[in-house]
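These numbers were taken from a predicted model, which means no experiment stands behind them. In this chain, residues are counted from 1 in sequence order. As a basis for the values below, the full set of heavy atoms in this structure was taken, side chains included, without hydrogen atoms, waters or symmetry mates.
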Amino acid sequence: MNVYKLNQPYGVCIMLVGVIGILCTVLNQVKIARVVAWVALVLVTLLYIAALLKVKASFSFIPFKGINGFLTRQIAFKWGWYVLFAGPTIAVIGALSSKERTYNEGR
């Protein structure tokens, strides 16, 4: 399932958070980058929960619970979810492990 098929403004919001995170990293804005990393992880987690709920509701129109459950189990998430979670997870790990840089003049 595509993020934009689920909810296009939400997909644009995730992309915007990613761009802000990259810009803050390049511009050495550590505090903002930490916040953005956590926001990205929360947004991706909410997207995953929304996808799970959409799958569970996909066959709710079928009156037989056995057939509904069988068809719901046939929908499997692919490797793309691992990649989608890897980005914010690495960003959070990087934000937690980064230290404040102190520069000494003349050295």
> Which pairs count as ring-ring contact (aromatic ring centres under 6.0 Å, His included) when at least one residue sits in residues 13-44, sequence neighbours excluded?
Replying inline: none
>> Applying ring-ring contact (aromatic ring centres under 6.0 Å, His included) as the test, list every pair that has at least one member in residues 15-37; sequence neighbours left out.
In response: none
For [X], check side chain to side chain contact (heavy atoms under 4.5 Å, CB included) against everything at least two apart and list the hits.
X: A91; answer: A37
X: L46; answer: Y10, V42
X: I49; answer: T45, L53
X: L23; answer: V19

>> Nearest 0.5 Å, please: how far is CG in L43 from CG in L16?
In response: 10.0 Å
> About how many Å separate CG of L41 and CD1 of I93, when rounded to the nearest 0.5 Å?
Replying inline: 9.5 Å
>> Checking F85 now: which residues fulfil ring-ring contact (aromatic ring centres under 6.0 Å, His included) with it, not counting sequence neighbours?
In response: Y48
> Should L52 and V44 be regarded as members of a common hydrophobic cluster, given that ILVMFWY residues are connected when their side-chain heavy atoms come within less than 4.5 Å of each other, either directly or indirectly?
Replying inline: yes
> Does V83 sit in a hydrophobic cluster with other residues, and if so which ones, taking ILVMFWY side chains as linked at heavy-atom separations under 4.5 Å, directly or through other members?
Replying inline: W79, Y82
>> So which atom in V36 and which in V17 form the shortest heavy-atom distance, rounded to 0.1 Å?
In response: CG1-O, 3.2 Å
> Please walk me through it: do L84 and L47 pass side chain to side chain contact (heavy atoms under 4.5 Å, CB included)?
Replying inline: CA-CA 10 Å; L84 191 62; L47 178 68; 3.8 Å; yes
